[in-house]
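Okay, so here's the structure we're looking at.
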Amino acid sequence: MNIDMARGIKATPGTNDSGLRRDWTTAEASAFFTMPFADLIHRAQTVHRRHFDANEVQMSTLLSIKTGGCPEDCGYCSQSAHFDTGLKATKLMAVEAVANAAAEAKAGGAQRFCMGAAWRELKDRDVDALCEMVSAVKAQGLETCMTLGMLTKGQAERLAGAGLDFYNHNIDTGPEYYATVVTTRTMQDRLETLAHVRDAGMAVCCGGIVGMGEARDDRVGMLVTLANLPKHPESVPINALMPIKGTPLGDSNPIEGLEFVRTIAAARIMMPESVVRLSAGREHMSEELQALCFLAGANSIFIGAKLLTTKNPAKEKDDALWSKLGIRPMEA
Ligand code: SAM
Ligand code: DTB
Ligand code: SF4
C-alpha cells in the first residue's frame, strides 16, 4: 500500500497510479469463476467503491473511420477481407466528416470519441490525416481514442504528439486460444504495439471478447495476461461477441449471462483502478443482465446506435435504463 492509500486518500480514477498492480496466478483468477456468486459480487463492489463512484459510468461513442477490406483473418470480425460478410469496404473518412460525427456524439452525451479503422497496421501516409482528426475531435472538448491496428514506435509518438488520449488494441482472448481465432498475427505482435503506446505516454485501452467458443480457462488466461501487464490498461473493454454471418465464429453460442458477469467481476477485482467497459453485446442483453454487469464493477459503455459495423441500443432505451438505475455520466 502506498502512502496515499494508507492515509485513505483515493487515487485519481483511471490513472492507475497507486501501486495496486501485482502478479495474479491462474489459480487465483480461476477462483473468481467458481466462488459463490454473492461473495464474488460483494468483493467486486467493495473494490469498485474503493476507487470509483459506483453510480458513475464513462460513456464513449464509436465511429468506423475506415471500414472493411482488412487483410487480417480475425474469426469474429465483419471487416476481414477473408470472409464474405456482405460489408461494403470504404476509404478513410475526411477530417471534416469525422469532426461532424464527433459533434453529434458529444450532443448525444459522449465524453470520449473512439475512432476505429479496419487496418492490420497503420501506414505512415495516413498519419497526418489522423493527427488532424485528433485535433478536430479534441477541439470539441472530447477525449480521443483510436484503434488502427499495429503501430511502430514512431507512429505511436506522432499520435501521442497530436494529443491522442487513448489507444485501443485488444489481446482479444487467452494466449492458448489466440491462434484458433486469428492466424495472421500473434499475441506477441499485440503486446509489442501496446508497449509502444505506453512508451509514447498514451493511456492504454486493452481487453478482449468472450463467447467465441473459448473455454473458461481461456477467459482466465486473458484476464491474467491483462492484469499482469507491466501497468494495468486504464480502460479494459470486455466485449460479448456480436456474431457475424459469414465469419468462422458467426454461429457461436452466446456466452451465458452469469459467466459474462463473472468475467466482468474478475476484471474489476484484478485491475481495481481500471475503467472496465461493458463493451460490444449490450444490444442482446436484458436490462437485468446489464444491471448485474454494473454491480460487478463495469463502469464504462459505448453509447450511440452503432458500434463499428453492428448495432448498439438506441438512445431512448439507454436513457430509460440510466434513469431506472440512477446512473450518471462520469466526468471526462
Ligand atoms: N483493426 C484494429 C484492430 O483489430 O486492432 C481496430 C478495429 S477492431 C474492429 C477493434 C476490436 O473490436 C477488436 O480487437 C475486437 O476486440 C473488437 N471486435 C471486432 N469484431 C467484434 C465482434 N464481432 N464482436 C465483439 N467485438 C468485436
Ligand atoms: C472494443 O473493445 N470494442 C469496440 C472498440 N474496442 C473498437 C469495437 C466493437 C466492435 C463490435 C463489432 C462491430 O460493430 O463491428
Ligand atoms: Fe481487421 Fe481489426 Fe477486424 Fe481483425 S478485428 S479483421 S484487424 S478490423
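Atoms within each ligand, like the ligands themselves, are counted from 1 in listed order.
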Note to self: Show, in sequence, the C-alpha distance, side-chain angles and deciding distance for Met222 and Glu214, and conclude whether the side-chain contact (heavy atoms from CB on, under 4.5 Å) test is met.
What the structure shows: CA-CA 11 Å; Met222 175 178 91; Glu214 76 284 348; over 6 Å; no
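Compare Leu87, Ile209, Asn239 by their heavy atoms: the one nearest to atom 2 (O) of ligand 2 is in Asn239.
Judged by the shortest distance from any of its heavy atoms, Phe302 lies inside the 4.0 Å radius around the atoms of ligand 2. Heavy-atom separations between Gly149 and ligand 1 include at least one value shorter than 4.0 Å. At least one heavy atom of Ala117 sits closer than 4.0 Å to an atom of ligand 1. Residue contacts with ligand 3 do not include His82, since none of its heavy atoms lies under 4.0 Å from the ligand. Assignment of Arg190 to the shell around ligand 1 is supported, since a heavy atom sits closer than 4.0 Å.
Residue contacts with ligand 2: Leu308 is placed with a nitrogen or oxygen under 3.5 Å of a nitrogen or oxygen of the ligand (distance criterion only). Here's the thing with Trp119: one of its N/O atoms is less than 3.5 angstrom from an N/O atom of ligand 1. Backbone and side-chain nitrogen or oxygen atoms of Asn168 are examined, and none is located within less than 3.5 angstrom of a nitrogen or oxygen of ligand 1. Residue contacts with ligand 2: Gln79 is placed with no nitrogen or oxygen under 3.5 Å of a nitrogen or oxygen of the ligand (distance criterion only). Close N/O approach between Gly208 and ligand 1 is not found [any backbone or side-chain N/O within under 3.5 Å]. On a distance-only criterion, Met242 and ligand 1 share at least one N/O pair closer than 3.5 Å.
With hydrogens and angles disregarded, a donor-acceptor distance shorter than 3.5 Å links the side chain of Ser30 to the backbone of Thr26. Here the side chain of Asn228 pairs no donor or acceptor atom with the backbone of Asp23 at under 3.5 angstrom.
Looking at Thr247, Asn239, Asp172 one by one, the single match for side chain to side chain donor-acceptor pair (under 3.5 Å) with Tyr76 turns out to be Asp172.
Contacts between Ala118 and ligand 3 below 4.0 angstrom, taking non-hydrogen atoms only, involve backbone and side chain alike. Here Thr147 has side-chain heavy atoms under 4.0 Å from ligand 2, and that is the only part of it that gets that close. Of the heavy atoms in Asn168, only side-chain atoms (C-beta onward) come closer than 4.0 Å to ligand 2.
Using modelled atom types, one finds no donor on one side chain facing an acceptor on the other under 3.5 Å when comparing Asp218 with Tyr178. Ser78 and Thr85 form no side-chain donor-acceptor contact under 3.5 Å, judged by distance and modelled atom types alone. Side-chain contact, Thr184 with Glu72: a donor N or O sits under 3.5 Å from an acceptor N or O. Residues Gln58 and Asn299 bring no donor and acceptor atom of their side chains to less than 3.5 Å of each other.
Applying the 4.0 Å criterion to heavy atoms of Ser279 picks out, from ligand 2, the atoms 1 (C), 2 (O), 3 (N). Against a heavy-atom cut-off of under 4.0 Å, Ala280 is close to the following atoms of ligand 1: 25 (C). Shown in contact with Leu308 at under 4.0 Å from a heavy atom are these atoms of ligand 1, numbered in order with element: 9 (C). Those atoms of ligand 2 that come under 4.0 Å of a heavy atom in Asn170, given as number and element, are 1 (C), 2 (O). Atoms of ligand 1 found under 4.0 Å from any heavy atom of Ile209 (numbered from 1 in listed order, with element): 15 (C), 16 (O), 18 (N), 26 (N), 27 (C). Taking every non-hydrogen atom of Thr309 and a distance limit under 4.0 Å, the qualifying atoms of ligand 2 come out as 13 (C), 14 (O), 15 (O). For ligand 2, the atoms lying closer than 4.0 Å to a non-hydrogen atom of Pro237 are 2 (O).
For atom 2 (Fe) of ligand 3, no protein non-hydrogen atom is found at a distance below 4.0 Å. Protein heavy atoms all stay at least 4.0 Å away from atom 12 (O) of ligand 1.
Counting non-hydrogen atoms of other residues, nucleotides and ligands closer than 6.0 Å to CD of Glu259 gives a total above 12.
Judged by the 6.0 Å distance and 45° axis criteria, Arg112 is positioned over the aromatic ring of Phe166.
Using a 4.0 Å cut-off between a side-chain N of Lys or Arg and a carboxylate O of Asp or Glu, Glu121 and Lys123 qualify as a salt bridge. Glu28 has a carboxylate O that lies under 4.0 Å from a charged side-chain N of Arg22, or vice versa, which qualifies the two as a salt bridge. Under a 4.0 Å N-O distance rule, the pair Asp318/Arg282 qualifies as a salt bridge.
Within the coordination shell of atom 3 (Fe) of ligand 3, defined by N, O or S atoms under 2.8 Å, Cys74 is absent.
Using a 30° and 60° split on the angle between ring planes, Tyr167 and His169 fall in the tilted class, from 30° to 60°.
The shortest contact between atom 12 (C) of ligand 2 and any protein heavy atom is with Thr310 OG1, 3.5 Å.
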